[in-house]
Amino acid sequence: MSKNSSRRYEVVAAAKNWHLRETPQQLTADINAIFGEHTFNLEVMREKLPKEILQALLATTEKGQPLDARIADVVAMAMKEWAVEHGATHFTHWFQPLTGSTAEKHDSFVTPNIGGGATAKFSGKDLIQGEPDASSFPSGGIRATFEARGYTAWDPTSPAFIINNHNGATLCIPTAFASWTGEALDTKTPLLRSMEALSKQALRALALFGVKDAHKVYATVGSEQEYFLIDEEFYYRRPDLVTTGRTLFGAKPPRGQELEDHYFGSIPERVLAYMTDVEYQLYRLGVPVKTRHNEVAPGQFEIAPIFENCNIAADHQQMMMQIMRNTARKYGLVCLLHEKPFAGINGSGKHNNWSMSTDTGMNLLEPGETPHDNMQFLFFCAAVIKAVDQYQDLLRASVAHAGNDHRLGANEAPPAIISIFLGDQLEDVFNQIEKGKPESSKSKDLLGLGTPVLPHLPRHAGDRNRTSPFAFTGNKFEFRAVGSSQSISFPNTVLNTIVAAAIDELATTVETRMKANVAFEQALHEALQGVIKQHKRIIFNGDNYSEEWHKEAERRGLFNLRNSLEAFERLHEKKNEAVFAKYGVLNERELAARAEIFFDQYFKTVNIEGETTESLAQTMILPVAIRYLHELATTAETTKRNGAEPTGVLKTLQEVNGLVNDFREALQRLHAVNADLGGDTVHQKAYHMRDKVIPEMNNVRIIAAKLEKALPDDFWPMPVYSEMLFVK
C-alpha cells in the first residue's frame with residue numbers, strides 16, 4: 001500500500017470534524033443597535049464635535065466644499081477619544097495603493113511624557129497627513145527606488161472605522177495616497193476626481209430640466225461579491241491554491257454543477273454560521289449587506305450590499321473582502337476570491353450595479369411607469385449608451401487582469417465584447433425616438449399562476465439578460481464583467497468619467513441648439529435621436545454567448561479584446577488619454593503608470609503560475625506516477641513468475657508509461673519557456689507569458705488530468721475537485 005493511502009480519508013475526516021476555533025460571540029438580531037457602531041459616523045460626530053466644527057466638516061463631506069484644515073485638531077481629539085473608548089490602541093492611515101488591495105502602517109496613540117509616563121495623543125497633523133514609502137508600492141515609473149517620499153491624505157468623505165483583533169483594536173482612517181510630486185498612486189484619488197467630474201456635468205444637465213434644488217450628484221454603487229469556500233485542510237494540501245489562488249491541476253469531477261441544484265439551494269450550516277459572522281462584523285462597520293445565497297457552482301456563494309456613495313462603496317468592498325478572508329479561518333474554511341479557482345466550474349465575478357443620484361434622493365436612472373414621457377431619464381440613459389459605445393475599449397481595460405482572463409467569455413460570464421442590454425421596453429422607446437417622437441411604453445401586466453391560492457404577480461415590461469456585460473436592470477446598469485478579486489475603484493472611475501464626458505457633450509448639443517432659438521424639447525429630441533442613430537450598435541438584447549453574436553459584433557465594428565494584454569494596449573489610445581485629462585481624473589503620466597503596472601502585474605502573476613506548475617509537476621505528480629509505474633512493473637513480473645499472463649497489468653503499464661513520457665516532455669517544454677522570460681521590458685515579458693507560458697502550462701495540466709484519472713486514488717498527492725467542492 002502506498003504511503004499516501006490515507007490521503008483522502010485524513011482530509012475528509014478533518015473536514016467532517018471541524019469545530020469553531022474560539023468561543024462563539026453573541027450575534028445580536030437587533031441590527032439597529034449595532035449598525036455602524038464601529039464607524040466615526042454622523043451620530044458619533046454630533047455627540048463628540050462642537051456644532052460649528054461639525055457644520056464645517058459636513059460642508060466638505062456633503063457639499064464638496066474645500067476642507068478647512070483648522071478643524072483637524074478638534075476632529076482628531078474627538079476621533080481619538082471615541083476610538084480609545086472602543087479599545088483602540090493604535091491608528092493607521094488605511095489606503096489603497098495600485099496593488100489592488102489595501103495598505104496600512106500602525107502607530108500607537110501612546111506618547112511618552114516628561115514625568116516618565118505616557119499619554120494617548122493624536123493630533124490634527126496625524127489625522128490629515130501620513131508619510132509611507134512611495135517607492136515600495138507600484139508606481140509605474142513615477143517614483144524610482146531612491147525617491148521614497150509619498151503622502152497619505154485624510155479622506156473626510158469616508159468615515160473612519162475600527163478593526164478589532166483578538167488582543168485589541170485599531171482606528172483606520174481612509175486616506176488617499178500620492179507621490180511627493182503630486183501624482184495619484186492609489187485607486188481612491190482618481191475615483192474621487194471622477195465623481196466630482198460626474199457631479200459637475202450632471203448638475204449642469206439637470207439645470208436644463210429645471211432642477212434647481214440639487215447641489216450634488218453621486219455615482220452610487222452596489223457590488224455583488226461571489227466567492228468560494230473550501231475546507232482549509234484541502235487548501236493547505238494544495239500548494240497551487242496557496243501560491244496562486246487557483247488550482248493549476250485538477251481533472252473534471254464526475255459531478256460538478258450539471259444538476260443545477262446548488263444555485264439558491266439550502267445553505268450548509270457551517271457556511272451559514274460563517275455568513276452570519278461576516279454580516280455581523282460588516283453591520284458594525286456600517287456596511288449595508290443585504291443578500292446572501294448559494295451561487296451556481298458547488299462551494300460558491302454570494303454576498304451583496306445595497307447602494308452607497310461610490311467612494312464609500314469602494315472602501316466597503318475592500319473591507320468586505322478582508323473580513324471574509326479573515327473570518328473564514330475561524331470556521332476552518334478558506335475564502336477564495338480568484339476569478340477561476342476551479343477549471344470547468346463557474347468562476348466568480350463582482351457585478352457592479354451603478355447609477356446616479358442627487359443629494360435630494362432622485363435616482364437619475366429611474367424610468368418610472370412611462371419611460372417614453374420621462375425625458376430626463378431618457379437623457380441620462382442616452383448618455384450612458386453614448387459613453388459605453390465610445391469607450392467600450394476603456395471599459396474592457398478596466399476589468400482586465402490575468403485572473404479575469406480565465407472567466408470572461410466562459411459560460412457563466414459575459415464575453416469580452418462590451419454591449420448594452422436595455423430590455424424590450426427601453427429598446428422599443430429608443431427605436432421610437434430614432435424614427436420620430438416616442439408615443440408609448442410597453443407596460444407591465446399581471447402574471448397568473450393557474451391557481452386561486454397564489455397571487456397574481458406584476459410582470460416587468462422586459463426580461464433580464466444574464467449574458468450581457470452591461471445590462472439595464474430596472475433603475476441602474478449592472479456592469480457584470482468586473483472580476484471577483486478586483487477593486488471596484490478603477491471600473492467605476494472609468495464609468496464616472498466617460499458618462500461625465502457623454503453628459504457634457506449631450507448638454508452642449510442641447511445648449512447650442514437652444515442658442516439658435518430651438519425650443520428645449522425639440523433640441524433635446526434631436527440630441528437623443530442623434531445618440532441612437534450613432535450609437536445603437538452597442539445595444540444587444542440577445543444571447544451574448546452565441547457564435548452568431550460574435551460575428552454580428554464584428555460586423556458592427558465592436559471591440560473583441562479577448563485577453564488582458566489587448567485591453568491594456570487601449571489605455572494608450574489618444575481618445576482615452578484625452579477623456580481622463582479633460583476632466584482632471586488622470587493625467588498622461590498617471591495613466592501611463594497604470595498601464596505599466598497592469599502589464600507588470602500580468603507578467604508576475606503568470607510567471608508565478610508557470611513556475612508553480614513546473615514545481616508541482618516535477619516534485620509531486622511525476623514522482624507518484626513513476627512510483628505507480630514501478631509498482632505495475634513489479635506486479636507484472638511477479639504475475640509472470642507465478643505462471644499467469646498479466647495482460648491487464650501490462651496494458652495499464654503501457655498506458656501510464658505513455659502518459660508519463662508525454663508528461664515529462666510537456667514539463668521540459670514548460671521548463672524551457674519558464675527559463676526564458678521573453679525579453680528585457682515588462683511588455684515583452686507579459687507577451688511571452690501569454691503566448692508561450694500559458695499554452696505550455698495548459699499542456700502540462702491536460703496530461704496531469706489524465707494521470708489523475710489513471711493513477712490509484714491513494715497515489716494522487718493532492719485533494720481533488722470532488723472533495724474540495726462538496727465537502728463542507
Side-chain angles (χ1 to χ4, degrees), residues 219 221-226 295-296 302 304 339-340 346-355 365 381 383-401 403-423 426-427 462-474 476-488 490-499 502 535-564 566-568 570-571 576:
V221 170
S223 291
E224 306 163 26
Q225 175 72 62
E226 296 173 341
E295 252 301 330
V296 171
E302 181 178 297
E339 284 71 23
K340 199 76 169 179
N346 270 24
S348 296
K350 188 177 291 180
H351 301 170
N352 190 86
N353 295 282
W354 181 93
S355 190
L365 291 178
C381 187
V384 176
I385 294 169
K386 175 180 172 65
V388 173
D389 185 37
Q390 284 184 300
Y391 298 99
Q392 49 184 285
D393 55 338
L394 195 50
L395 272 178
R396 171 67 180 90
S398 76
V399 298
H401 68 110
N404 221 11
D405 279 359
H406 298 286
R407 168 181 168 264
L408 290 183
N411 285 339
E412 85 287 351
I417 304 167
I418 300 296
S419 65
I420 292 179
F421 168 82
L422 285 181
L426 284 187
E427 186 175 36
D463 204 348
R464 298 183 68 183
N465 188 333
R466 294 193 65 203
T467 71
S468 176
F470 202 89
F472 186 75
T473 55
K476 63 189 184 299
F477 281 95
E478 183 181 23
F479 189 20
R480 296 172 51 86
V482 185
S484 56
S485 69
Q486 282 188 282
S487 163
I488 64 172
F490 190 52
N492 284 295
T493 297
V494 169
L495 260 176
N496 296 342
T497 305
I498 64 177
V499 173
H535 300 290
K536 64 181 179 181
R537 65 174 185 168
I538 200 70
I539 300 170
F540 179 66
N541 282 358
D543 182 1
N544 286 252
Y545 296 160
S546 68
E547 191 62 36
E548 291 75 18
W549 166 236
H550 285 243
K551 294 176 182 176
E552 171 65 15
E554 184 177 2
R555 188 191 66 77
R556 294 187 187 187
L558 301 182
F559 286 103
N560 187 3
L561 305 172
R562 292 176 174 83
N563 58 72
S564 290
E566 291 181 14
F568 295 154
R570 300 298 304 178
L571 293 172
N576 295 334

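We're numbering straight along the sequence, starting at 1. Because only heavy atoms are used, hydrogens play no part in the values below, and waters and symmetry mates are left out as well, while side chains stay in.
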Looking at every heavy atom in both [X] and [Y], which two are closest together, and how far apart are they?
X    : Y    : value
K476 : S355 : CB-CB, 4.1 Å
E566 : R562 : OE1-N, 3.2 Å
S484 : S348 : OG-O, 3.1 Å
A383 : A502 : O-CB, 3.2 Å
A400 : A567 : CB-CB, 3.9 Å

Looking at [Y], is its backbone amide N or carbonyl O close enough to the side chain of [X] to form a donor-acceptor pair, meaning the two atoms are under 3.5 Å apart?
X    : Y    : value
Q390 : A387 : no
N404 : R407 : no
E226 : G349 : yes
N352 : F479 : no
Q486 : V482 : no
T467 : N544 : yes
K350 : S223 : no

Do [X] and [Y] have side-chain heavy atoms sitting under 4.5 Å apart?
X    : Y    : value
L558 : I418 : no
R396 : L408 : yes
F470 : V384 : yes
E552 : F540 : no
E339 : H406 : no
L422 : I385 : yes
F490 : V494 : yes
W354 : P491 : no

I need the [X] [atom1] to [Y] [atom2] distance, nearest 0.5 Å.
X    : Y    : atom1 : atom2 : result
W549 : I417 : CH2   : CD1   : 6.5 Å
F568 : L561 : CZ    : CG    : 11.0 Å
S398 : L571 : OG    : CG    : 9.0 Å
S485 : K340 : OG    : NZ    : 14.0 Å
T493 : I488 : OG1   : CD1   : 9.5 Å
N576 : D393 : CG    : CG    : 4.5 Å

What I want to check is whether the side chains of H351 and E478 have a donor and an acceptor closer together than 3.5 Å. yes
Indicate whether the side chain of N541 and that of E427 have a donor and an acceptor atom separated by less than 3.5 Å. yes
Does a salt bridge link K551 with E548, judged by any charged N lying under 4.0 Å from a carboxylate O? no
For H550 and N560, what are the C-alpha separation, side-chain angles and deciding distance, and is it a side chain to side chain contact (heavy atoms under 4.5 Å, CB included)? CA-CA 8 Å; H550 285 243; N560 187 3; 3.9 Å; yes
For the CZ atom on R537, are there more than 12 heavy atoms of other groups (residues, nucleotides or ligands in this structure) within a distance under 6.0 Å? yes
